[in-house]
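When a ligand or atom number is given, it counts from 1 through the structure's own listing order. Counting begins at 1 with the first residue of the sequence.
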Amino acid sequence: MSKYVLALDQGTTSSRSILFDKEGNIISSAQQEFEQIFPKPGWVEHNPNEIWSSQIGVVAQCLAKVNMSAGDVAAIGITNQRETTIVWNKETGEPIYNAIVWQCRRTAEKIDDLFGSKDDEDKVEIREYVKRTTGLIPDAYFSASKIAWILENVEGARGLADEGKLLFGTVDTWLLYKLTGGTVHATDYTNASRTMLYNIKEKCWDERLLDLFNIPKSMLPEVKPSSGLFGYSNKDIIGASVPISGIAGDQQSALFGQCCFEKGESKNTYGTGCFLLMNTGDDPVESKNGLLTTMAATADGSAGYALEGSVFIAGAAIQWLRDELKIIDSAPESEKYATSVLDNGGVYVVPAFAGLGAPYWNQDARGIITGLTRGSSRAHIIRATLESLAFQTADVLRAMEKDSGISLKNLKVDGGASANDFLMQFQSDILDRKVLRPKVVETTALGSAYLAGLAVGYWEDTEEIKKNVGIGKEFNPAMSEDDRKTVLDGWDKAISMIK
Ligand code: G3P
């Protein structure tokens, strides 16, 4: 048996490859950012060929750094930004349009036309149908309306689709197709459950929703369990034929990577967005508080479910400070500014740059900064931006507790921004509970490595994997009750202006 498992972690802003050993240690890693394309306000695209070239580039770098080749890899796992939609020509393998990214709002109007607003009586039945079958709340976030947009707006697309010549895939499917030299067109339960076209209870593509969006079934990939053989990498592409045996959307992958295998276990990932997921076992719990029901990855291939609170903008708000406002030079610098002031000075940033996700679901909301005074400084704005990640998490955590009836004793965290000690302490303070950061915060990649390795016998079972868990740092609440109330009231006031 080869010594390592390779994870391909294709995120919203960068492609990464990480090589793990049996103990879940990182042996090597490589990362590359790629272009974010904003053709119009609210629109977000990626170039699918750049997604592929950056991903395959970091695979090569990751292996080369430790003088290894694909022959040293026992299995490949893929994890990915979810919902992002790619359509390509089956005959040429060429994408017919850029990838429409999950954050893109171009189809908000179409969603409103088809599903009305929350209180639109005429559309209640179809809204509830979507919720019941797909577990989702109708929104431009999911793939369905993005596929429809491509078919309606790209010249010649409709004709090709009707002739069965187009394929759709989320990013996992695209990478799998490319890695296997164009021979496999498949996805896993977790990614399928984010399209708004998949019946998560019956585990099949939903004919009524396909009709509603006018999407031919021939475009859709085969759906498989997250842990199991999807295909083999093409030798000419990475130098060896390696089983690709684990696929999961990044948030479900992180849930698995944090070893939240049991009902009631949860994690919060601070990536581009922020996603709190709770494992609900084989029970698809329907939310009454603005959360999503989604499929979770399981070790044995059975259908697992989770409740999810999706916050669209988290780490992306820190990037906004760096790239658009240009008031920090790097993301880690935000911590220095945040701790240079005693508090937020009454400033609140609500980064609803792509509408509001859970638990509010307002496609048209946009970001605001409130509470500015003559004394508000750059440090206050930076601090308030960081705090907004914690406030948004607190909102979804409250909804999660109501839906599940389970009170979370602590919060397991991971993802890039979880490295920010100020943010983690503040999170603990406003939740008034422990925040636990693991030794390896790359749990997204680790989850897909586990799924792939379990399928080929690299790891025997989840018990063996659990031995790898280690807490890196624990944060304990240290804020007074009065201060907590003050900041939470301030946030509630700010968010109520746009929700
Ligand atoms: O649903 C979108 C999510 O999968 C994106 O994840 O890690 O790129 O923020 P990330």
Side-chain angles (χ1 to χ4, degrees), residues 7-16 18 31-34 36 44-46 51 54-55 78-86 99-105 134-137 139-144 146 169-175 187-196 226 247-258 267-277 291-297 306-320 331 351 353-358 361 389 392-393 396 413-419 441-448:
L8 275 52
D9 180 358
Q10 207 303 306
T12 311
T13 55
S14 74
S15 298
R16 294 191 304 162
I18 304 187
Q31 172 167 7
Q32 193 183 317
E33 292 202 1
F34 56 85
Q36 304 292 311
V44 190
E45 296 178 0
H46 295 155
I51 288 183
S54 60
Q55 188 63 64
I78 299 176
T79 182
N80 56 292
Q81 51 166 321
R82 306 166 304 167
E83 301 95 14
T84 296
T85 296
I86 304 174
I100 303 186
V101 177
W102 58 277
Q103 297 160 318
C104 186
R105 298 275 106 196
T134 69
L136 308 176
I137 291 168
D139 195 275
Y141 174 28
F142 307 108
S143 315
K146 302 182 195 293
T170 36
V171 170
D172 56 307
T173 304
W174 173 241
L175 293 178
T187 189
D188 82 304
Y189 288 152
T190 66
N191 277 293
S193 72
R194 314 298 296 187
T195 58
M196 218 171 90
S226 303
I247 293 186
D250 54 9
Q251 302 312 319
Q252 287 92 337
S253 188
L255 189 68
F256 201 84
Q258 285 263 25
K267 66 86 205 176
N268 193 36
T269 302
Y270 303 78
T272 305
C274 200
F275 301 87
L276 179 59
L277 269 75
L291 302 179
L292 306 174
T293 309
T294 198
M295 291 193 77
L307 270 172
E308 170 172 326
S310 328
V311 170
F312 296 153
I313 301 291
I318 305 171
Q319 286 174 337
W320 167 73
F353 303 150
L356 277 175
W361 298 101
L389 276 59
Q392 295 181 95
T393 295
V396 290
V413 299
D414 55 56
S418 73
V441 287
E442 301 297 348
T443 50
T444 298
L446 187 56
S448 70

Asker: Over all heavy atoms of both residues, which pair between Leu136 and Leu292 is shortest? Give the atoms and the distance, please.
Answerer: CA-CD2, 3.9 Å
Asker: Identify the heavy atoms of Ile51 and Ala99 that sit nearest to each other, and give their distance.
Answerer: CD1-CB, 4.4 Å
Asker: Would one find an N or O of Gly273, backbone or side chain, under 3.5 Å from an N or O of ligand 1?
Answerer: yes
Asker: Side-chain contact test, heavy atoms from C-beta onward, threshold under 4.5 Å: evaluate it for Thr12 versus His46 and give yes or no.
Answerer: yes
Asker: Cut-off 3.5 Å, side chains only: do Asp414 and Thr269 have a donor facing an acceptor?
Answerer: yes
Asker: Considering distance alone, does some N or O of Tyr141 sit under 3.5 Å from an N or O of ligand 1?
Answerer: yes
Asker: Tell me, which protein residue and heavy-atom name are nearest atom 9 (O) of ligand 1, and how many Å apart are they?
Answerer: Thr272 N, 2.9 Å
Asker: Examine the proximity of ligand 1 to Arg194 and report which part, side chain or backbone, both or neither, has a heavy atom under 4.0 Å away.
Answerer: neither
Asker: From atom 6 (O) of ligand 1, work out which of Asp250, Ile313, Thr84 has a heavy atom at the shortest distance.
Answerer: Asp250
Asker: With heavy atoms of Gln251 as the reference, note each atom of ligand 1 found under 4.0 Å away.
Answerer: 6 (O), 7 (O)
Asker: Who's the nearest protein heavy-atom neighbour of atom 8 (O) of ligand 1, and how far?
Answerer: Thr12 OG1, 2.4 Å
Asker: Please test Thr294 against Arg194 for side-chain hydrogen bond (donor to acceptor under 3.5 Å, both in side chains), starting from the C-alpha separation and ending with a verdict.
Answerer: CA-CA 7 Å; Thr294 198; Arg194 314 298 296 187; 3.0 Å; yes
Asker: Compute whether any side-chain donor of one residue and acceptor of the other, for Asp9 and Thr444, lie under 3.5 angstrom apart.
Answerer: no
Asker: Between Ser15 and Ser54, is any side-chain donor less than 3.5 angstrom from a side-chain acceptor?
Answerer: yes
Asker: At what distance is the nearest protein heavy atom to atom 2 (C) of ligand 1, and which residue and atom is it?
Answerer: Glu83 OE1, 3.3 Å
Asker: With nothing but distance in play, are any N or O atoms of Trp102 less than 3.5 Å from an N or O of ligand 1?
Answerer: no
